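This is a predicted model, so every value here is computed, not measured.
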Amino acid sequence: MSRPKSLSDQAYSAIKRLIVTLELAPEAVVDEVALQERLGVSRTPIREAIQRLERDQFVRVVPRRGVFVTSIEVSELATLFETRRVVEPYAARLAAERGTRGEWDELGRVLEVRPTAGPVETLAVDRRCHELMWAAANNRFLTDTLDMLYAQSERVWYLYLRETFEMHDVLSEHVDMLDALRGGDGDRCEKLMADHVKTFHDEIRSVSG
């Protein structure tokens, strides 16, 4: 059973979501007082969340000036995705080896998304599929790392691909992965996930120059 989220965990998730969806855009000032009012929490959880967000490279703290949302430079995209191409396929292999029938049944239910779902809703399905595989891999260090990497990739999606990327192809890739996960085929899962991440990276490169 997962532990209840602390107030600082909740603040971290909420602020990160604002950054990922560009409600707090790159280089925007992070107003701690406004966040306290919006999230209904005190100064301490906000400060703790900002410390974690800085560590995960979503914000930067400039002494005597304030807190700013980080930007994502095109030159950094290769570094982001080369990291995901190493770590996430390995997590998929572990998931195939360690996952349970119940976890794959849940993943199957998640994939029963309506064909008419919009891109934002479909991206949420994609994220949930990844989260279920991370959980099945049963390695909290991998999960923390992949959660951060996925969120940065998701922010890139909002920046470059929200209006153009065909998300239903992404979900069909998850259907193939689910078949491999049910069969405990670690080699196939690893390859499918590597291809999945590469497809996303290639699409980003095609529109970002």
Side-chain angles (χ1 to χ4, degrees), residues 2-88 90-91 119-121 123-124 126-128 130-131 134-135 139-165 197-198 200-209:
S2 60
R3 63 179 177 81
K5 281 190 172 183
S6 68
L7 288 177
S8 62
D9 287 340
Q10 293 175 44
Y12 170 85
S13 296
I15 299 168
K16 183 176 70 174
R17 197 70 204 153
L18 295 175
I19 293 170
V20 164
T21 60
L22 309 183
E23 189 166 344
L24 284 173
E27 302 302 329
V29 176
V30 178
D31 186 331
E32 295 183 31
V33 174
L35 287 171
Q36 290 175 45
E37 295 174 354
R38 177 169 183 163
L39 303 180
V41 297
S42 65
R43 178 182 180 183
T44 297
I46 296 293
R47 286 286 176 90
E48 291 173 346
I50 285 173
Q51 289 175 357
R52 185 175 167 193
L53 288 162
E54 182 181 29
R55 185 174 67 246
D56 288 349
Q57 301 181 51
F58 289 100
V59 304
R60 69 179 189 280
V61 178
V62 182
R64 295 181 296 280
R65 287 189 56 200
V67 181
F68 300 86
V69 177
T70 58
S71 60
I72 297 184
E73 304 297 335
V74 171
S75 60
E76 296 177 306
L77 297 181
T79 303
L80 171 61
F81 287 105
E82 76 182 10
T83 307
R84 280 191 70 192
R85 282 202 302 267
V86 171
V87 180
E88 193 136 24
Y90 177 63
V120 173
E121 293 82 2
L123 183 66
D126 178 74
R127 167 174 261 284
R128 185 59 183 149
H130 284 265
E131 288 173 340
W134 304 340
N139 182 318
R140 67 182 180 89
F141 300 106
L142 271 179
T143 297
D144 288 348
T145 299
L146 287 166
D147 181 71
M148 181 271 291
L149 291 171
Y150 187 97
Q152 292 286 13
S153 298
E154 194 174 0
R155 183 155 67 130
V156 170
W157 183 86
Y158 274 93
L159 280 167
Y160 294 110
L161 294 180
R162 183 174 180 173
E163 304 301 327
T164 62
F165 192 38
V197 173
K198 183 178 184 298
F200 190 85
H201 183 207
D202 289 347
E203 191 72 21
I204 288 287
R205 286 194 306 175
S206 73
V207 298
S208 64

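Atoms CD and CD1, on Gln57 and Ile72 in that order, are 10.0 Å from each other to the nearest 0.5 Å. One finds the OH atom of Tyr12 at 14.5 Å from the CG atom of Leu39 (value rounded to the nearest 0.5 Å). Separation of atoms CZ (Arg52) and CG (Asp144) is listed at 6.5 Å; rounding is to 0.5 Å. Rounded to the nearest 0.5 Å, atoms CD1 (Ile15) and CD (Gln10) are 11.5 Å apart. Distance CD1/Ile19 to CD/Gln152: 8.5 Å, rounded to 0.5 Å. For the atom pair CD (Glu32) and CD1 (Ile50), the distance works out to 4.0 Å, reported to the nearest 0.5 Å.
Every residue two or more places apart in sequence or in another chain was checked for a side chain to side chain donor-acceptor pair (under 3.5 Å) with Asn139, and none qualifies. Partners of Thr44 under the side-chain contact (heavy atoms from CB on, under 4.5 Å) rule, at least two apart in sequence or in another chain, are Ser42, Glu48. For the salt bridge (charged side-chain N to carboxylate O under 4.0 Å, His left out) test, residues two or more places apart in sequence or in another chain that qualify with Arg60 are Glu27.
Annotation for Leu7 and Val41: closest pair CD2-CG1, 4.1 Å, computed over non-hydrogen atoms. Shortest non-hydrogen contact noted between Leu18 and Thr21 is O-OG1, 3.6 Å. Residue Ser71 comes nearest to Arg155 through the heavy atom pair O-NH2, 4.4 Å, listed as atom of the first residue, atom of the second, then distance. Listed here is the closest heavy atom pair of Val69 and Ala25: CB-O, 3.3 Å. Summarising the geometry of Pro45 relative to Ala11, their closest heavy-atom pair is O-CB, 4.0 Å, with the distance given to 0.1 Å.
Under the 4.5 Å side-chain criterion, counting only non-hydrogen atoms from C-beta, Arg127 is not in contact with Leu123. Side-chain contact between Leu24 and Phe58 is absent, with no heavy atoms from C-beta onward closer than 4.5 Å.
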Query - Verdict with supporting geometry, Phe81 and Lys198, side-chain contact (heavy atoms from CB on, under 4.5 Å) - result: CA-CA 8 Å; Phe81 287 105; Lys198 183 178 184 298; over 6 Å; no
Requested in this report: Let me see the working for Phe68 and Val30 under side-chain contact (heavy atoms from CB on, under 4.5 Å), right down to the final yes or no.
Outcome: CA-CA 6 Å; Phe68 300 86; Val30 178; over 6 Å; no
**Report entry** Derivation of the side-chain contact (heavy atoms from CB on, under 4.5 Å) call for Arg17 and Glu154
**Finding:** CA-CA 10 Å; Arg17 197 70 204 153; Glu154 194 174 0; 3.0 Å; yes
**Report entry** Verdict with reasoning, Val20 to Tyr150, per side-chain contact (heavy atoms from CB on, under 4.5 Å)
**Finding:** CA-CA 10 Å; Val20 164; Tyr150 187 97; over 6 Å; no
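No hydrogens or angles considered: a donor-acceptor pair under 3.5 Å links the side chains of His201 and Arg85.
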